[in-house]
Visitor: 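Below you'll find the structure I mean.
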Amino acid sequence: MQIDKKDIRSLSKEQLRDFFVSQGDKAFRGNQVYEWLWSKGAHSFEDMSNLSLATREMLDANFVINHIKVDSMQVSTDGTIKNGVKLHDGLIVESVLIPTETRTTACVSSQVGCSLDCEFCATARLKRMRNLNPDEIYDQVLTIDQQSRQNHGHPLSNIVFMGMGEPLMNYNNVQKAIEKITSEEGLGMSPKRITVSTSGLPKMIKKLADDGVKFKLAVSLHSAIEETRNRIMPFTKNFPLTELRESLQYWYSKTKSRVTYEYVIWKGINDDKASVDALVKFCKYVPCKVNLIEYNPIDDGEFQQADERATNSYIAALEKNDITVVVRRSRGKDIDAACGQLANKS
Ligand code: SAH
């Protein structure tokens, strides 16, 4: 008879220690296994080389390790790696390693698919199938950390929650994963190197502020004109810009952490002066920085990157008002690993 074995990673360190004691072994064995599971990222009990064969077999008889598996891997000409990772139930999400000269960033998914409906995003075309659990989020980071060490000779430096899904619609699990990523028993990364990107859910932004989170916040703004934003991100009809603005003011008052606005400039949508003026005005409400993201086409032509003149007029207006603006060039475009392209082909 096949018994459903429990995922050993659902056990806390205390529970693991207790388990070993119940087996007549030393509690300390629990610490060793915990380290294998979390900071070393073991995929099997066989990997746990400082345990006796008998202990490894005993663990194998009692538990499974539901680690994600890299199912496909594409490498871009610019060094970006896109991983298609298979979850224990066969579903697939994507996570990306983005190398630059000074850092390596992991772009991770928080949900399988997405329930939001941004017209310009490939992931929005998949319906949301389920939330990722904390381990599945953690594993993506660990996998990319290992790839960074192998391919670039150094650990991962930054994490962005800009893969598939809306992280604030899976906040509890994202938060648990971040706790593990930042804890000494996990990867010991500084929360300042982690950015959670949201399409802008005011209630959740306030909750983050109340929870005193230490990671950075990015908001996908794309337009500071209500009508335009409602058109390109229809779900925002339920979340007026005034509410978003108030939530961000609340966030800043509590955290003193500057907000990043992500912004794509599209031909005929937000490449006019009124859009520029509206953004400048919006930027004055809360200390912020603007990332102008290059548009990554998702194959239908309704959305097109605006010309350079439009970008320059945004830059000039923002700089004139002392607002930091950075132009982010796309990476991994040739393998559909750039922002908004995840799930394009799979
Ligand atoms: N749901 C979250 C995180 C995932 S999207 C959010 O909305 O922020 C990550 C970023 O990619 C967002 O800023 C999103 O607006 C942007 N994006 C989506 N589709 C894009 C595309 N085709 N080209 C460029 N950026 C895109």
Side-chain angles (χ1 to χ4, degrees), residues 80 82 93-96 98 105-128 131-132 137 140 158-171 173-174 177-178 194-202 204-205 208 215-224 228-236 239 244 247-248 259-267 269-270 279 288-306 311 326-345:
T80 300
K82 177 165 86 169
V93 290
E94 294 174 325
S95 39
V96 184
I98 308 160
T105 301
C107 175
V108 298
S109 297
S110 54
Q111 299 181 310
V112 187
C114 189
S115 46
L116 302 181
D117 51 9
C118 305
E119 304 274 358
F120 45 82
C121 179
T123 310
R125 303 194 171 167
L126 305 168
K127 65 176 193 325
R128 187 194 77 94
N131 285 337
L132 294 189
I137 297 170
Q140 294 176 66
N158 297 74
I159 302 170
V160 293
F161 281 82
M162 295 186 188
M164 298 162 81
E166 166 53 47
L168 299 192
M169 292 183 106
N170 184 20
Y171 173 59
N173 291 350
V174 166
I178 291 178
I194 302 175
T195 301
V196 171
S197 174
T198 174
S199 55
L201 307 174
M204 291 310 296
I205 292 172
L208 299 185
F215 51 74
K216 294 191 181 158
L217 182 66
V219 174
S220 302
L221 191 59
H222 303 310
S223 176
T228 309
R229 197 159 185 265
N230 288 173
R231 184 150 63 88
I232 59 180
M233 301 166 80
F235 74 91
T236 63
F239 307 103
L244 177 61
S247 70
L248 293 169
V259 179
T260 298
Y261 295 128
E262 291 152 280
Y263 203 99
V264 178
I265 311 168
W266 291 284
K267 209 173 268 179
I269 292 177
N270 58 357
L279 177 63
C288 66
K289 138 183 172 201
V290 175
N291 276 354
L292 293 178
I293 315 175
E294 200 182 323
Y295 177 56
N296 303 304
I298 56 163
D299 280 348
D300 67 8
E302 187 201 340
F303 289 90
Q304 284 172 31
Q305 172 76 44
T311 307
V326 179
V327 179
R328 292 252 176 249
R329 289 205 21 250
S330 262
R331 321 235 345 152
K333 233 178 174 170
D334 55 332
I335 54 166
D336 290 324
C339 281
Q341 290 187 311
L342 299 184
N344 209 11
K345 301 275 159 70

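Start at 1 and go down the list; that is how both ligands and their atoms are numbered.
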Visitor: In ligand 1, which numbered atoms sit nearer than 4.0 Å to a non-hydrogen atom of C121?
Guide: 18 (C), 19 (N)
Visitor: If I apply the N/O under 3.5 Å rule, does G165 come out as touching ligand 1?
Guide: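 Indeed, backbone or side chain, G165 has an N or O that close.
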Visitor: Short list, please: which atoms of ligand 1 are under 4.0 Å from a heavy atom of H222?
Guide: 13 (O), 14 (C), 15 (O)
Visitor: Purely on distance, is any nitrogen or oxygen of Y295 under 3.5 Å from one on ligand 1?
Guide: no
Visitor: Run down the list M233, M169, E294 and name the one with the heavy atom closest to atom 24 (C) of ligand 1.
Guide: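 Closest candidate by heavy-atom distance is E294.
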Visitor: Of the choices V264, V160, T195, N296, which has the non-hydrogen atom that lies closest to atom 23 (N) of ligand 1?
Guide: N296
Visitor: May I ask you to identify the nearest protein heavy atom to atom 19 (N) of ligand 1, giving residue, atom name and distance to one decimal place in Å?
Guide: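 Closest protein heavy atom to atom 19 (N) of ligand 1: G340 CA, 3.0 Å.
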Visitor: Determine whether the side chain, the backbone, both or neither of T198 has a heavy atom under 4.0 Å from any heavy atom of ligand 1.
Guide: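 For T198, only backbone atoms sit under 4.0 Å from ligand 1.
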Visitor: What protein heavy atom is closest to atom 5 (S) of ligand 1, reported as residue, atom name and distance in Å?
Guide: M162 O, 4.0 Å
Visitor: Is the backbone N or O of L132 less than 3.5 Å from a side-chain atom of N170, with the two atoms forming a donor-acceptor pair by type?
Guide: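 Yes; at least one donor-acceptor contact below 3.5 Å.
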Visitor: CG of L221 to CG of N270: how many Å apart, nearest 0.5 Å?
Guide: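 One finds 9.5 Å between CG of L221 and CG of N270.
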Visitor: Rounded at 0.5 Å granularity, tell me how far CG in D117 sits from CD in E119.
Guide: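 If I round to the nearest 0.5 Å, the distance is 6.5 Å.
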Visitor: Using only atom types and a distance under 3.5 Å, with no angle test, would you say the side chain of S109 pairs donor to acceptor with the backbone of M164?
Guide: yes
Visitor: Could you identify the single nearest non-hydrogen protein atom to atom 12 (C) of ligand 1 and state the distance to 0.1 Å?
Guide: S220 OG, 3.0 Å
Visitor: Are the side chain of T195 and the backbone of V160 linked by a donor-acceptor contact shorter than 3.5 Å?
Guide: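 A pair under 3.5 Å: no.
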Visitor: In Å and rounded to the nearest 0.5 Å, what is the CD to CD1 distance from Q111 to I137?
Guide: 9.0 Å
Visitor: Among all protein heavy atoms, pick the one closest to atom 21 (C) of ligand 1 and tell me residue, atom and distance.
Guide: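 For this ligand atom, the closest protein heavy atom is C339 O, 3.2 Å.
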Visitor: Test of understanding: with salt bridge (charged side-chain N to carboxylate O under 4.0 Å, His left out), list the residues that count as partners of E294, not counting sequence neighbours.
Guide: K333
Visitor: At a non-hydrogen distance cut-off of under 4.0 Å, which region of F161 contacts ligand 1 (side chain, backbone, both, or neither)?
Guide: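 Answer for F161: backbone.
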Visitor: With atom 4 (C) of ligand 1 as the reference point, say which of S115, S197, G163 has the nearest heavy atom.
Guide: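 Among S115, S197, G163, the closest heavy atom to atom 4 (C) of ligand 1 comes from G163.
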Visitor: With heavy atoms only and a cut-off of under 4.0 Å, state how M164 meets ligand 1: side chain, backbone, both or neither.
Guide: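 Neither; nothing of M164 gets under 4.0 Å from ligand 1.
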Visitor: Should the pair Y295 and F303 be assigned to parallel (<30°), tilted (30 to 60°) or perpendicular (>60°) ring geometry?
Guide: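 If you compare the ring of Y295 with that of F303, the planes turn out tilted.
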Visitor: Which part of E262 is near ligand 1, with near meaning a heavy atom under 4.0 Å away: side chain, backbone, both or neither?
Guide: side chain
Visitor: With under 30° as parallel and over 60° as perpendicular, where do the rings of W266 and F120 fit, or are they tilted in between?
Guide: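 Plane angle between 30° and 60°, so tilted.
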Visitor: Taking atom types as modelled, is there a side-chain donor on E166 or S110 under 3.5 Å from an acceptor on the other?
Guide: no
